Number of protein chains: 2
Amino acid sequence: MARRPLKKPGIVADLDARKATILEAVVREHIDTAQPVGSSSVASTSDLAISSATVRSEMVTLEREGYLAQPHTSAGRIPTDKGYRYFVDHLQAGVVGVAQQQQIKDFFENVRGEVEDVLAQTSTLLSQLTSYTSVVVGAGHAMSPILSTQLVNLEARHQLLVTVFADGSVVKHSVTTNFDASHVEVAEASRQLHALLIGTTLDARVQVPSRSDHVASLVRDAVATLHAQQPTVDGEQVFIGGSSKVAESFDGVETVRKVLAILEQELLVVSLVQDILDQGLSVAIGSEHGYEPLSSCAVIVAPVTIDGHPAGAVGLLGPTRMKYGEAMAAARAVSAHLAHHFGGDERA
Amino acid sequence: MARRPLKKPGIVADLDARKATILEAVVREHIDTAQPVGSSSVASTSDLAISSATVRSEMVTLEREGYLAQPHTSAGRIPTDKGYRYFVDHLQAGVVGVAQQQQIKDFFENVRGEVEDVLAQTSTLLSQLTSYTSVVVGAGHAMSPILSTQLVNLEARHQLLVTVFADGSVVKHSVTTNFDASHVEVAEASRQLHALLIGTTLDARVQVPSRSDHVASLVRDAVATLHAQQPTVDGEQVFIGGSSKVAESFDGVETVRKVLAILEQELLVVSLVQDILDQGLSVAIGSEHGYEPLSSCAVIVAPVTIDGHPAGAVGLLGPTRMKYGEAMAAARAVSAHLAHHFGGDERA
DNA sequence: GTTGGCACTCGGTAGAATTGAGTGCTAGCA
DNA sequence: TGCTAGCACTCAATTCTACCGAGTGCCAAC
């Protein structure tokens, strides 16, 4: 079994080979059956030539050390979060089946449309591939320079500022004035704004005119509105696919409800994904991510990197007993294809 | 009880007063308790001075006529879709509680931001008010005239057409060319497009230049891309709020899954809402809407009308045993506030 | 250290008995 | 004729029991 060096958490010490094998057998079978796993089953399944009694005594140790738990006396063991963590950290990389590989390939060959549409469809794809709920996060454009702006007169006191960023995203902002702006004034303000903002990023300071006429006022208002948005969260796009899979993954209705309630809050989902990435993890199991309602979930995250720059992330949300190998492989594959799709001659 | 004239379906004949009262009592109690309702309970609850035996014999008739059903012998009755239909058609209009009224008022007084944000938040509001899943549909802009367009050069062979409609919506389309367009050419094409498209609607024919130079080619491609979208479905925006309520409303996990799976398909949700509106209904119960996976659901729809023009709709999706009175009142109230919010001096 | 053996635990299941809510029917009454 | 009280009947749900068996923990022997 290919070992990868331990990740950050470090709480998880190494186990001797036999314990590791037993733990792995328990995790594998429990992921498969969703049932507690007994010692005899492990003894016969694993390739260790060992009696069930020996397995049992090892299990006692594993339980004492926090890798396994017993739902009740006289039941088999189930893995704890720590047990899953060890399993994942020592898992050899999974592979994507050929059928799925084909499906991904076909998808990215045929997909067309705007970035948002592609991301949304990618989310659906990833969910179908894995039968878990999928999250695709498109990075915000806070750092992307402005290519063009335009101020459009909707009504006398109501203008619309349309901004195009170099990453291809388009954002609109309403600008309301307390005076009736003429079409000429709006056109002039639009011209000035364009000259003023082009090439700048949202965090840049811009020299706005200080005059008190209508045009200057329009320009000031427009710039203020544009810069008012939260640079970090705002502009980030979330696409959630396969939320119905939640109902398949968990049996308790209450759990389903809680998870769905979390998924409804997009900002929260973004920060969840971001938190996990910040911790340098690719999987957060159970309570590792600190979101209590998701304590029976595992979250897999794969960053999307284009030209060395973070451009978003794809994620999967499933029960802690999810198929980590397959799911991680699928997430990585989709993330790579996504990067390639937008990397070649496009933007993300 | 205030009677409203029967709606379109017409299959539902009138019942004599006593039967109607009994049916109503059954529906009310079953909505409340989710349990089959027995004759004695009806006899004591309703203000009819009638013995349970009489109620029973009436129930036999109601069952024969299809308003009630029996889960099994020796159980009480539950309403059928037809029973709910009668109930809804003869329901006096519900009222919105003062607390809720205040909540709606506060919401619309404080809400700000772009149309999309308002609609999304409205959906959440409506869901919170009713504890059902809410759907807000913003009408497409197919019929809205174009206020402004702009072609922006993203990369040599990749332009972005940004279109602003009079309703305040902004749409972007990628235009890909097989030649390297210069900035000057793009600017010229942008100018021509603006002149060409301004004031037109998407269903209008536009005289495109037939020359074979880069600029003309750009203009042709851009117009084609813009007009390629499906005028009916595309551009319509759906905002679903409170999908976690689905898990509360139905007990079978399988039902929850099916309903969520439907909600994932936004186009389908739009046509569901549209279908119901087209039928002139405000409620579709059980199988009335023809979407089999939603046969245990009822859907309430209230159109949003601004200046006499349809501008979208708000909807609620719950179990057939939902609180029709409250829910319909809430949907109507929110719809009215929405119309007012965008009607006064804005657009929808 | 490993293993076979054994007593023990305890959730799950199956069956029987019981309960009780609710029905349908009928005979009698206004 | 319509209503009702009464009654036998039905059947899901509940409770109780017994029991099974998967699985454990422990121990003595190898």
Side-chain angles (χ1 to χ4, degrees), chain A residues 15-80 83 251-252 321, chain B residues 15-80 83 251-252 321:
Chain A
L15 296 172
D16 69 65
R18 199 170 67 180
K19 285 204 185 61
T21 312
I22 291 173
L23 176 56
E24 189 194 332
V26 171
V27 173
R28 287 223 128 85
E29 186 170 336
H30 182 254
I31 286 176
D32 224 49
T33 64
Q35 299 292 326
V37 180
S39 57
S40 62
S41 152
V42 171
S44 61
T45 304
S46 81
D47 40 4
L48 296 169
I50 270 186
S51 83
S52 67
T54 312
V55 174
R56 273 200 295 280
S57 81
E58 293 283 46
M59 277 173 151
V60 172
T61 318
L62 283 168
E63 183 171 359
R64 200 164 36 225
E65 293 175 359
Y67 295 94
L68 295 178
Q70 233 178 342
H72 56 86
T73 352
S74 89
R77 304 305 210 288
I78 57 174
T80 61
D251 18 48
R321 47 170 285 273
Chain B
L15 296 173
D16 70 64
R18 200 170 67 179
K19 285 203 184 61
T21 311
I22 291 173
L23 175 57
E24 189 195 331
V26 172
V27 173
R28 288 222 127 86
E29 185 169 336
H30 182 255
I31 286 176
D32 225 48
T33 64
Q35 299 294 326
V37 180
S39 57
S40 63
S41 152
V42 172
S44 61
T45 304
S46 81
D47 41 3
L48 296 169
I50 269 185
S51 82
S52 67
T54 312
V55 174
R56 274 201 293 281
S57 80
E58 293 284 47
M59 278 173 149
V60 172
T61 318
L62 282 168
E63 182 172 359
R64 200 164 36 225
E65 293 175 359
Y67 295 95
L68 295 178
Q70 234 178 342
H72 57 85
T73 353
S74 90
R77 303 307 208 289
I78 57 174
T80 60
D251 18 48
R321 47 170 285 274

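The structure displayed is predicted, hence computed values, not measured ones. By convention in this document, chain letters (A, B, ...) are assigned in the order of the sequence lines, proteins followed by strands, and residues within each chain are numbered from 1.
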Check: Nearest of dG6(D), dT24(D), dC3(D) to any side-chain atom of R77(A)?
Finding: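 Of all the options, the side chain of R77(A) is nearest to dT24(D).
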Next item on the list: Drop me the distance from T80(B)'s OG1 to L62(B)'s CG, to the nearest 0.5 angstrom.
Entry: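 Answer for the OG1-CG pair, T80(B) versus L62(B), is 9.5 Å.
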Item checked: Nucleotides bounding contact with chain A, strand DNA chain C, heavy-atom threshold 4.0 Å ->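 Contact boundaries, 5' end first: dT2(C) to dG11(C).
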Next item on the list: Would you kindly say whether S51(B) and T54(B) are connected by a side-chain donor-acceptor distance under 3.5 Å?
Entry: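 Note: S51(B) and T54(B) side chains meet the donor-acceptor criterion.
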Next item on the list: Taking only the side-chain nitrogens and oxygens of T73(A), find out if one of them lies under 4.0 Å from OP1 or OP2 of dG25(D).
Entry: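 Negative; the distance criterion is not met.
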Check: If only side-chain N and O atoms of R18(B) are considered, is one of them under 4.0 Å from the OP1 or OP2 phosphate oxygen of dC3(D)?
Finding: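 For dC3(D), OP1/OP2 do have a side-chain N/O of R18(B) under 4.0 Å.
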To the nearest Å, give me how far apart [atom1] ([X]) and [atom2] ([N]) are.
X      : N       : atom1 : atom2 : answer
R64(A) : dG25(D) : CZ    : P     : 10 Å
I50(B) : dC3(D)  : CD1   : P     : 7 Å
Q70(B) : dC9(D)  : CD    : C1'   : 13 Å
Q35(A) : dG21(D) : CD    : P     : 17 Å
L48(B) : dG2(D)  : CG    : P     : 17 Å
M59(B) : dC3(D)  : CE    : C1'   : 17 Å
L68(A) : dG23(D) : CG    : P     : 14 Å
I22(A) : dG23(D) : CD1   : C1'   : 15 Å

Notebook entry, point to check: Quick one: on DNA chain D, does S74(B) or A75(A) contact a more 5' nucleotide (nearest heavy atom)?
Noted result: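 It is S74(B), whose closest nucleotide lies nearer the 5' terminus.
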Check: How bent is the helix from dG1(C)-dC30(D) to dA30(C)-dT1(D), comparing axes over its five end pairs at each side, to the nearest 10°?
Finding: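 Taking the rotation axis at each end, their angle is 20°.
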Check: Counting any heavy atom closer than 4.0 Å, what does S57(A) reach on the DNA or RNA strands: base, sugar-phosphate only, or nothing?
Finding: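 S57(A): no heavy atom of the nucleic acid under 4.0 Å.
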